[in-house]
Number of protein chains: 4
Amino acid sequence: MPAHRPTRQPVATNHPYRLAARGDRPDTIIRVGAAALPIGGDHVTMMAGPCAVEDRDALFEVAEALSRTGVGILRGGAYKPRTSPYSFQGLGEAGLELLAETRERTGMAVVTEVLAIEDIELVARHADVLQVGTRNMANYRLLDALGQAGRPVLLKRGQGSTVEELLCAAEYVLAAGNPDVMLCERGVRSFEPLVRNAFDLNVVPLLRELTHLPVIVDPSHAAGRSDLVHGVAVGAVAAGAHGVIVEVHANPEAALIDGDQSLDLDAAAMLVDSLDVIARATGRAFTRATRRVAA
Amino acid sequence: MPAHRPTRQPVATNHPYRLAARGDRPDTIIRVGAAALPIGGDHVTMMAGPCAVEDRDALFEVAEALSRTGVGILRGGAYKPRTSPYSFQGLGEAGLELLAETRERTGMAVVTEVLAIEDIELVARHADVLQVGTRNMANYRLLDALGQAGRPVLLKRGQGSTVEELLCAAEYVLAAGNPDVMLCERGVRSFEPLVRNAFDLNVVPLLRELTHLPVIVDPSHAAGRSDLVHGVAVGAVAAGAHGVIVEVHANPEAALIDGDQSLDLDAAAMLVDSLDVIARATGRAFTRATRRVAA
Amino acid sequence: MPAHRPTRQPVATNHPYRLAARGDRPDTIIRVGAAALPIGGDHVTMMAGPCAVEDRDALFEVAEALSRTGVGILRGGAYKPRTSPYSFQGLGEAGLELLAETRERTGMAVVTEVLAIEDIELVARHADVLQVGTRNMANYRLLDALGQAGRPVLLKRGQGSTVEELLCAAEYVLAAGNPDVMLCERGVRSFEPLVRNAFDLNVVPLLRELTHLPVIVDPSHAAGRSDLVHGVAVGAVAAGAHGVIVEVHANPEAALIDGDQSLDLDAAAMLVDSLDVIARATGRAFTRATRRVAA
Amino acid sequence: MPAHRPTRQPVATNHPYRLAARGDRPDTIIRVGAAALPIGGDHVTMMAGPCAVEDRDALFEVAEALSRTGVGILRGGAYKPRTSPYSFQGLGEAGLELLAETRERTGMAVVTEVLAIEDIELVARHADVLQVGTRNMANYRLLDALGQAGRPVLLKRGQGSTVEELLCAAEYVLAAGNPDVMLCERGVRSFEPLVRNAFDLNVVPLLRELTHLPVIVDPSHAAGRSDLVHGVAVGAVAAGAHGVIVEVHANPEAALIDGDQSLDLDAAAMLVDSLDVIARATGRAFTRATRRVAA
């Protein structure tokens, strides 16, 4: 199911994002975690887990269930940037330790957000992929520092940023020495009151043309409501995305943050099945992690 | 590949779009043209053709080629609303006659835009589906009059309209007596300079939940550039859309209007193949018209 | 308080809005109603009245009060385009007759909306200015017909339309023979939940540069809440707008439509005073109508 | 020229921005620089200067000229966050030293941007007001650290942030111990191609109601073109803003960054005059610094 592709030329040496630009380069494939799970190219990936790490049992329950369906990468926030300074800001280092413990027990790779330069080393010790959130996409000092983090970076688009600004933000990390950047589209601000953000599907094939970096989508934050997540995830992967990152909670109604947009475990398992179907229909393969759960 | 669906309740009698609302209703399936091609439900449809009807030979060439690939519905504008009063406004009645002649020769159904109440009768005589363009989505007098047009209506979302406004606009047609309305998402205004509009993929599963009417997408106007059309079309159908309407031109570079966003004939044929694959992967069927081309 | 103005050149003959464009033309001044009230140039105008005409006594009460403060132009909707077909759509012809009667009693000029070609003659008989609402800005057939209406037109910007699209819409009226078009900025869609629309102040000086036509602003629809109307109205006039059109109701809480954004009579009187101050501070004059109220 | 004001109530103790919220508090007045120039309340302020500090002579020329017209606060960037990592990023510490030297020679206060926690101490030594740019509005760790900076903060709205998000960002600084925060509206992303951002005038009276903090506007970044700056600045102050921050360059065409939106010296002087007129017309006073230029 190939689409038209323009003939590819080498990147101009004065291009504003000359390392991130597609030019005549093949897709970058990034290897994640101890299992070296591939992201990019013809691999379709699902990362899933709770918005915030809340407690050991809940985290392990959701990780166990996801791992059983073949999800190889666990998401979960230890440091949560919140609009109001008085909201729950995550468990911090204790949350990181729970993530690392769950990683150990399940064999899953872990992706979690890093908010500041001074946290990079600590977070990199507990996680396999460092996420830069939408609020920090243009925090260029942080991006610079991630050039030396020794871990792949998942860079989310700013909620009011253009595609070119996203690519230039990635360039900060690349230019500082880290070639392993995944882009993450999570929607931008729009006037529609029924959804949280506008998830412009144009951006998926556009990014696939403009860059060789892997393109991940976050339908949970794009939609802001769980009933739309399946459709958006499937559609974005059919349009060319390399994978999704979704919020999953064993009991969404009890989640401290973002329960409205979290899938429950059954819905997550159904999404795995659908992504597998779509990956095959489009000539790719869903990356199904080998499960390793402690007896 | 079924997604979670909430339990469906009957529509409240004071609902602002009580006829268009999903409630506990099954999908509406609309039959189009002499061949009674089904739109909606588990049918996936492709409508295609030039932005504007330009001349007999060009129209017939593209219709012939599309018909050969299995496309059953021909689009083409005879009345073109243009931003400046000094731009080419379409061939008018002569364009309608060319559409009707091509319909006769190919057996395709025809969809074309109607701009004003005084044109409805004439357009309905030459076309099988009456399109209301983005500029007229909230021209309620026109919508009222289409309630008695005796033809299905393809209603495009206004470029600054919400989903609820689109559904209420459809309600004007339904309430005036015409049950055959297809909704068409063609993107809304956004700040991204690299594409023409933002095509919020959330809207596809959202409309599928909120209404029983068929949901068509227009990736040509959404993207405004032909290289993104395939990805957007495939993604939207995977997310649940019932079909696409795309601009196709035998020689896009020579098109009088919208050449940049028109597929050529090869790209159109590839899109048919891809939609067929996606339809089957998602448990549906691509509606392939029986071809009838004059010897 | 003059700002920098570029040297003005004649308009190019192939300009997309060659009649509306500023070129080297002075400001157009439009005369409205029996009193020939001037709009444009160095005149600052306030049009005010209820969103919808509801009943004779309420309309006369608000008109009387406004007239007493020096407001010379009464607004009020007889035909109300509403999002849902089941909402109150205005009194229609009965509303027009109440407007005409109030015009007779107070000597005020009347501005009211026209929704369709077939209503133009009737509305023009009862009103002095014909308003085209935001939903119909790109209803080009209606604009064409208004070229022969024999009345000035107040053309509101579409809620998802660009400035150039607004100017081209005005061009349809001008090119059809009516030179008396006032542009009205009423805000466009935005993501901010605390207000109804985004009122981009840039648009005021921008329109003053791009066109010679009068520029009116509608802070009631821009803000959607009455507590912001005074600030927006004053600021827009200070930035160069020729006037405002505001919703005023003797008892906003009882209004059938848009009560939240309507000023009460005291607030309207305060706004008149403020606009008078700003007009003088910027070297212009507030147009204070001579009052004529029946004994 | 007073507008309606709702009766003011104390702030609820669980309000998401309980320190920034208006409640029943009077306007906060912040004193800036050696001359303790007042910002907020009935004072109208103009901050002006080049986008980036480029060289000693150019900086001193523009500062001298501005100081002569009564502008008391000099803006200029030493650390410039740029979309591409390969663009000019400012002179850094050398730029700060030039700002401090100019401050010494002219008696002006200095406002300049701080990009990261590790720079706060250095920047605070050379500047009187620390600016947080639009890209860092939600960099909460930086905001936290500014709570102990010992300098007033000028906090710009993120280009895709809501008003409530801006107020909550200010709350981070306030809650960390610094009561001196000025909010700065510089426009948000919009679909209009003729201007850089949408400057929603509603936001000015809205912020005046929601908070007691000073409200500054940046018409240079809002418009992105110098010919609109005067109108936007004057309109925003008339609508209730406490002041403006504008880009001024002795030779805009030679500016390294943002020349298109910079006023020249004559235009800057005209803006001072206009703001003085508007301040008086609205019952306030333009803060005209006593000039001190070395012989």
Side-chain angles (χ1 to χ4, degrees), chain B residues 12-21 79-87 89-90 114-119 132-145 147 157-176 186-191 197-198, chain C residues 12-21 79-87 89-90 114-119 132-145 147 157-176 186-191 197-198:
Chain B
T13 53
N14 63 347
H15 194 289
Y17 51 93
R18 59 198 72 151
L19 298 173
Y79 296 98
K80 299 297 305 175
R82 302 300 301 282
T83 299
S84 168
Y86 309 116
S87 300
Q89 312 267 327
V114 60
L115 289 180
I117 296 172
E118 61 266 28
D119 297 346
V132 176
T134 186
R135 291 170 174 83
N136 278 313
M137 188 206 83
N139 180 347
Y140 299 139
R141 291 287 182 88
L142 177 62
L143 300 178
D144 262 343
R157 177 145 77 129
Q159 62 190 358
S161 300
T162 63
V163 168
E164 180 157 332
E165 287 169 348
L166 171 62
L167 290 164
C168 283
E171 189 79 8
Y172 273 91
V173 184
L174 299 172
R186 40 78 73 205
V188 292
R189 279 270 146 77
S190 90
F191 61 78
N197 288 292
Chain C
T13 53
N14 63 347
H15 194 290
Y17 51 94
R18 59 199 71 152
L19 299 173
Y79 297 99
K80 299 296 306 173
R82 303 298 301 282
T83 298
S84 168
Y86 310 116
S87 300
Q89 312 267 327
V114 60
L115 288 181
I117 297 173
E118 62 266 29
D119 296 346
V132 176
T134 186
R135 291 171 175 82
N136 278 312
M137 188 206 82
N139 180 347
Y140 299 139
R141 292 288 182 88
L142 177 61
L143 299 178
D144 262 343
R157 175 143 78 129
Q159 63 190 357
S161 300
T162 63
V163 167
E164 179 158 332
E165 288 169 347
L166 172 61
L167 290 164
C168 283
E171 189 79 7
Y172 272 91
V173 184
L174 299 172
R186 42 75 76 204
V188 293
R189 279 270 148 76
S190 89
F191 61 78
N197 288 293

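Note on naming: letters A, B, ... go to the chains in the order of the sequence lines (proteins, then strands), and numbering restarts at 1 for each one. Atoms considered below: every heavy atom in the structure, side chains included; atoms not considered: hydrogens, waters and symmetry mates.
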Electrostatic pair Arg135(C):Glu165(B) at N-O distance under 4.0 angstrom
no

Atom [atom1] of [X] and atom [atom2] of [Y]: how far apart are they, to the nearest 0.5 Å?
| X | Y | atom1 | atom2 | result |
| --- | --- | --- | --- | --- |
| Asn136(C) | Leu142(B) | CG | CG | 10.0 Å |
| Glu118(B) | Glu118(C) | CD | CD | 8.0 Å |
| Tyr172(B) | Arg82(C) | OH | CZ | 8.0 Å |
| Tyr140(B) | Asn139(C) | OH | CG | 12.5 Å |

Chain B contact via [X] - side chain, backbone, both or neither, heavy atoms under 4.5 Å:
| X | value |
| --- | --- |
| Tyr79(C) | side chain |
| Thr162(C) | both |
| Leu143(C) | neither |

Closest non-hydrogen atom pair, Pro16(B) against Pro85(C)
O-CD, 4.1 Å

List the steps and the verdict of side chain to side chain contact (heavy atoms under 4.5 Å, CB included) for Arg18(C) and Tyr86(B).
CA-CA 10 Å; Arg18(C) 59 199 71 152; Tyr86(B) 309 116; 3.2 Å; yes

Among Glu164(C), Met137(C), Gln159(C), who wins on heavy-atom pairs under 4.5 Å with chain B?
Gln159(C)

Quick one: does Ser84(C)'s side chain get under 4.5 Å of His15(B)'s, heavy atoms only?
no

Does a side-chain heavy-atom distance below 4.5 Å link Arg141(C) with Asp119(B)?
yes

Contacting moiety of Ser161(B), where chain C heavy atoms sit under 4.5 Å
both

Of the backbone (N, CA, C, O) and the side chain (C-beta and beyond), which part of Ile117(B) lies under 4.5 Å from a heavy atom of chain C, both, or neither?
side chain

